[in-house]
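Working notes, beginning with the structure itself.
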Amino acid sequence: MTMNKVSLAFILLGLAFSFNALAQVKGLLQLTAVNGDPQLSWQEGGVGLYRYDSDNDGIVLSQGLIDFRVDLSTNWSAHGVVNAHQDPQASLGFSQAYFQYQPLTSSKYKWHVRAGGFYPLLSLENPDMGWISPYNYTNSAINSWIGEEVRTVGVEATIKRPGRSFNSKHSFAFVGATFKGNDPAGTLLAWRGFAMHDRQTTFNEAVAFAPVASLNTPQLQHQANQVLPFEEVDGRFGYYGGIHWDYLKKSQFRFYYYDNNGDPAALNYSTGQYAWDTRFSSVAWLYKFTAQTRLIVQAMSGNTAMGESRGVDNDFYSHFILLSHKKAAHRLSIRYDYFEVTDKDDWTFDPNASHGEGITATWRYQLSPQWQLGIEGSALHSQADNREAMGIARKLSQQQLSLNVQWRY
């Protein structure tokens, strides 16, 4: 284990013990033995769609996080998630930090407000602490992208109609939010496409991608070879709305519409970030066949554009189907992903079309409440039109195998 891994682990543990005196604290350390694909990862400037490549073969700190809550009063609480990463370099930062106001009320309807930086709750794949998945270690293409480029930095209000308060089997929640930042969201979809991993971008991070040839043209010369996904560029407010529908403890359904309301002509010359006009709809459904077996499906469809006269204009779409079965201390999960980006603009020098599909199978064994062991295998096939100009084949097949050990506290 390198000094970076040791340092990050001890720093995270120190923070956990410090927070523990003041807050309700949960945390996780996950070490992964990786057998990565030879294709260089996008994190290292390559076109590989996995987080790791063969240069990372060995033991890595794949997850290190602290998820804490501090009750400030009867109605107010503060929440945060601190993530430690060693890739592409050692870093520590917040992926979420917000205040929540949830008043006690005698009304049958319940409501709360969140203000700060947080995820929109459109995913049913990532309900575990720190927005991680209890099913696969590698997230779906949809939620890999959400973890990279989408975060609410603003205010969200939720009104709930609990079924038990109305003697009903059905519960509903209505969500609305407005935010700033998140203007560059869509950059990775255009010049890399979807990927599959579990890497969450923290608020202080930039995400690199391969040296796409079209960024050397006059039209795109001001675009940086990285994205700062939570930067404010155009001064506009974005918004989203959602509905949650639960039937007993058997079925959960969520629909969200998101629009960052970006001005695609706005550009921060100092950071090389455009304000992309990005909007999408997401629908997710979880169905429990039994207490042990469940099905999760999600689909996302949207559009993203940047530049004068929407010079880069792409539709994007993805869906996944996940089946998970738990028996005693064992959980087996298998997921199929499909993803695509469709190039709609007339800039032939900047081809953005890409598509792919993947299969991921995971076995987890809960040794104790604190310790978990897991094995995961994943394979994907992808095609991206901009790879040829970089001297790389348009079509790639990749595989990844990992052995994972988790410790929770």
Side-chain angles (χ1 to χ4, degrees), residues 42-43 45-47 88 91 93 95 117 120 145-154 177-195 201-240 257-280 300 302-316 341-354 384-387 389-390:
W42 89 92
Q43 290 206 101
V47 299
S91 65
S95 58
W145 177 63
I146 294 294
E148 290 173 322
E149 284 200 303
V150 177
R151 213 65 47 86
T152 304
V153 183
T178 185
F179 58 88
K180 280 198 169 184
N182 231 175
D183 285 339
T187 305
L188 290 175
L189 293 180
W191 289 311
R192 184 208 59 195
F194 284 98
T201 307
T202 58
F203 290 123
N204 58 328
E205 283 192 302
V207 184
F209 50 89
V212 179
S214 59
L215 299 191
N216 296 319
T217 62
Q219 294 91 333
L220 293 171
Q221 62 180 317
H222 299 297
Q223 170 65 49
N225 195 205
Q226 64 178 13
V227 57
L228 301 170
F230 314 129
E231 181 173 300
E232 176 57 43
V233 178
D234 60 8
R236 295 182 177 183
F237 285 92
Y239 65 92
Y240 62 78
Y257 179 77
Y258 168 102
D259 188 344
N260 74 348
N261 191 34
D263 175 2
L267 167 65
N268 184 332
Y269 287 92
S270 64
T271 62
Q273 303 296 300
Y274 278 86
W276 292 66
D277 183 13
T278 299
R279 61 195 69 181
F280 63 80
M300 174 182 285
N303 176 267
T304 184
M306 61 80 78
E308 294 285 349
S309 303
R310 302 173 72 89
V312 179
D313 189 354
N314 301 310
D315 287 342
F316 58 92
V341 176
T342 304
D343 193 337
K344 295 177 58 184
D345 58 68
D346 298 325
W347 283 5
T348 57
F349 62 86
D350 178 46
N352 304 129
S354 64
D385 289 353
N386 64 9
R387 291 172 182 165
M390 294 183 278

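Along the sequence shown, residues carry numbers from 1.
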Those residues at least two apart in sequence (or on a different chain) that pass salt bridge (charged side-chain N to carboxylate O under 4.0 Å, His left out) with Asp350 are none
Would you check if Asp259 and Asp277 make a side-chain contact, meaning some heavy-atom pair closer than 4.5 Å?
-> yes
For Phe194 and Leu189, what are the C-alpha separation, side-chain angles and deciding distance, and is it a side chain to side chain contact (heavy atoms under 4.5 Å, CB included)?
-> CA-CA 6 Å; Phe194 284 98; Leu189 293 180; 3.8 Å; yes
Apply the test side chain to side chain contact (heavy atoms under 4.5 Å, CB included) to residues Leu220 and Met306: give CA-CA distance (whole Å), side-chain angles for both, the deciding distance (0.1 Å), then the verdict.
-> CA-CA 10 Å; Leu220 293 171; Met306 61 80 78; 3.9 Å; yes
Between Asp183 and Asn260, does a side chain to side chain donor-acceptor pair (under 3.5 Å) hold up when you go through it step by step?
-> CA-CA 7 Å; Asp183 285 339; Asn260 74 348; 4.6 Å; no
Distance col, row Arg310:CZ vs Thr304:OG1, nearest 0.5 angstrom, shows 8.0 Å
N/O donor-acceptor pair under 3.5 Å between Thr202 side chain and Ser95 backbone | no
Mind listing the closest non-hydrogen atom pair of Gln226 and Ala206 along with its distance?
-> OE1-CB, 3.5 Å
Would you say the side-chain atoms of Asn268 pair up with the backbone N or O of Val233, donor to acceptor, closer than 3.5 Å?
-> no
Donor-acceptor contact present, side-chain Asn225 to main-chain Phe209, <3.5 Å | yes
Mark yes or no for whether Asp234, through its side chain, and Asp263, through its backbone, hold a donor-acceptor pair below 3.5 Å.
-> yes
Between Asp313 and Lys344, is there a donor-acceptor pair closer than 3.5 Å when you use the side chain of the first and the backbone of the second?
-> no
Gln273 side chain vs Leu228 backbone, donor-acceptor pair below 3.5 Å = yes
Can you name the residues that form a salt bridge (charged side-chain N to carboxylate O under 4.0 Å, His left out) with Asp345, not counting sequence neighbours?
-> none
Asp385: partners by salt bridge (charged side-chain N to carboxylate O under 4.0 Å, His left out), with sequence neighbours left out = Arg394
Counting only N and O atoms by type, is there a donor-acceptor contact under 3.5 Å from the side chain of Ser354 to the main-chain atoms of Gly193?
-> no
For the pair Asp315 (side chain) and Asn303 (backbone), establish whether a donor and an acceptor sit closer than 3.5 Å, ignoring hydrogens and angles.
-> no
Glu231 versus Pro184, closest heavy-atom pair with distance = O-CD, 3.4 Å
Can you check whether Thr201's main-chain N or O pairs, donor with acceptor, with Arg151's side chain at less than 3.5 Å?
-> yes
So Val227 and Glu148, side chain to side chain contact (heavy atoms under 4.5 Å, CB included) or not? Walk me through it.
-> CA-CA 10 Å; Val227 57; Glu148 290 173 322; over 6 Å; no
For Phe179 and Tyr258, which heavy atoms make the closest approach, and how far apart are they?
-> CZ-CE1, 3.5 Å
Verify the neighbour count for atom CD of Gln221: are there more than 12 heavy atoms of other residues, nucleotides or ligands below 6.0 Å?
-> yes
Okay, side chain of Lys180, backbone of Gly235: is any donor-acceptor separation there less than 3.5 Å?
-> yes
Of Asn182, Val150, Asn204, Thr152, the one forming a side chain to side chain contact (heavy atoms under 4.5 Å, CB included) with Phe230 is Asn182
Any chance the rings of Tyr274 and Trp276 have centres within less than 6.0 Å?
-> no
Separation between CG (Asn261) and CZ (Phe237), nearest 0.5 Å, reads 10.5 Å
If every non-hydrogen atom of Ala305 is compared with every non-hydrogen atom of Pro264, which pair is closest and at what distance?
-> O-CB, 3.7 Å
Shortest non-hydrogen pair, Ala190 vs Asn352, comes out as O-ND2, 3.3 Å
When every non-hydrogen atom of Leu188 is compared with those of Ala208, the smallest separation belongs to CD2-O, 4.4 Å
Full working for side chain to side chain contact (heavy atoms under 4.5 Å, CB included) between Ile146 and Met300 = CA-CA 11 Å; Ile146 294 294; Met300 174 182 285; 3.8 Å; yes
